[in-house]
Amino acid sequence: MKKINVNEDACIGCGACVGIDGEHFAFNDEGLSHPISMENLDSEDLHSAIDACPTGAISIVEGGKEENIEDEEDSCDGCCPNCQKEA
Ligand code: SF4
């Protein structure tokens, strides 16, 4: 099952994702973005928010591996045991 991941170490709290896609993102108590819904992951707003993030903090995670939508081909070399991608 796919889900949204926000890397809090990378998030700078700019608010772009929250402004673009309030269905999926909100600020936490630390002023950083966190995902609030794992539904409708094909939405245009979600993909716009991912594209708009200045630090690349947002990714879609599936089966324990991170899958950056923009760099899907480069994001995984199949080296980890949790990888669901066929080598
Ligand atoms: S767009 Fe990126 S850096 Fe800005 S609040 Fe969202 S996750 Fe954080």
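This is a predicted model, so every value here is computed, not measured. Every number for a ligand or one of its atoms is a count from 1 in the order of the listing.
- In this structure, D21 contributes its side chain and L46 its backbone to a donor-acceptor pair below 3.5 Å.
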Evaluation steps, side-chain contact (heavy atoms from CB on, under 4.5 Å), between C11 and H34: CA-CA 9 Å; C11 177; H34 73 112; over 6 Å; no
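- Around atom 8 (Fe) of ligand 1, the closest heavy atom drawn from C11, P35, A10 belongs to C11.
- Residue L32 does not touch ligand 1, judged by heavy-atom distances below 4.0 Å.
- Against a heavy-atom cut-off of under 4.0 Å, C53 is close to the following atoms of ligand 1: 1 (S), 2 (Fe), 3 (S), 7 (S).
- At the shortest separation from atom 5 (S) of ligand 1 among protein heavy atoms lies G15 N, 3.3 Å.
- Distances below 4.0 Å separate heavy atoms of C14 from the following atoms of ligand 1: 1 (S), 3 (S), 4 (Fe), 5 (S).
- Residue F27 is not grouped with residue I36 when hydrophobic side chains (ILVMFWY) are merged at heavy-atom distances under 4.5 angstrom, including chains of intermediate members.
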Candidate pair D45 and E23, rule side-chain contact (heavy atoms from CB on, under 4.5 Å), full reasoning: CA-CA 9 Å; D45 283 349; E23 176 188 353; over 6 Å; no
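- Residue M38 is grouped with residue V6 when hydrophobic side chains (ILVMFWY) are merged at heavy-atom distances under 4.5 angstrom, including chains of intermediate members.
- If you number the atoms of ligand 1 from 1 as listed, the ones under 4.0 Å from a heavy atom of A16 come out as 1 (S).
- Of the possible donor and acceptor atoms, one in the side chain of H47 sits under 3.5 Å from a partner among the backbone N and O of L41.
- Tracing side-chain contacts under 4.5 Å through hydrophobic residues (I, L, V, M, F, W, Y), one never reaches I4 starting from L32; they form parts of separate clusters.
- The side chain of T55, and not its backbone, has at least one atom closer than 4.0 Å to an atom of ligand 1 (non-hydrogen atoms only; side chain from C-beta on).
- Shown in contact with C17 at under 4.0 Å from a heavy atom are these atoms of ligand 1, numbered in order with element: 1 (S), 5 (S), 6 (Fe), 7 (S).
- For ligand 1, the atoms lying closer than 4.0 Å to a non-hydrogen atom of S33 are 5 (S), 6 (Fe), 7 (S).
- Annotation for ligand 1: atoms under 4.0 Å from non-hydrogen atoms of I58 are 7 (S).
- Residue contacts with ligand 1 leave out A52, since none of its heavy atoms falls under 4.0 Å from the ligand.
- One hydrophobic cluster, built from ILVMFWY side chains closer than 4.5 Å, holds both I58 and V18.
- Here is the list of ligand 1 atoms found below 4.0 Å of a heavy atom in I12: 3 (S), 8 (Fe).
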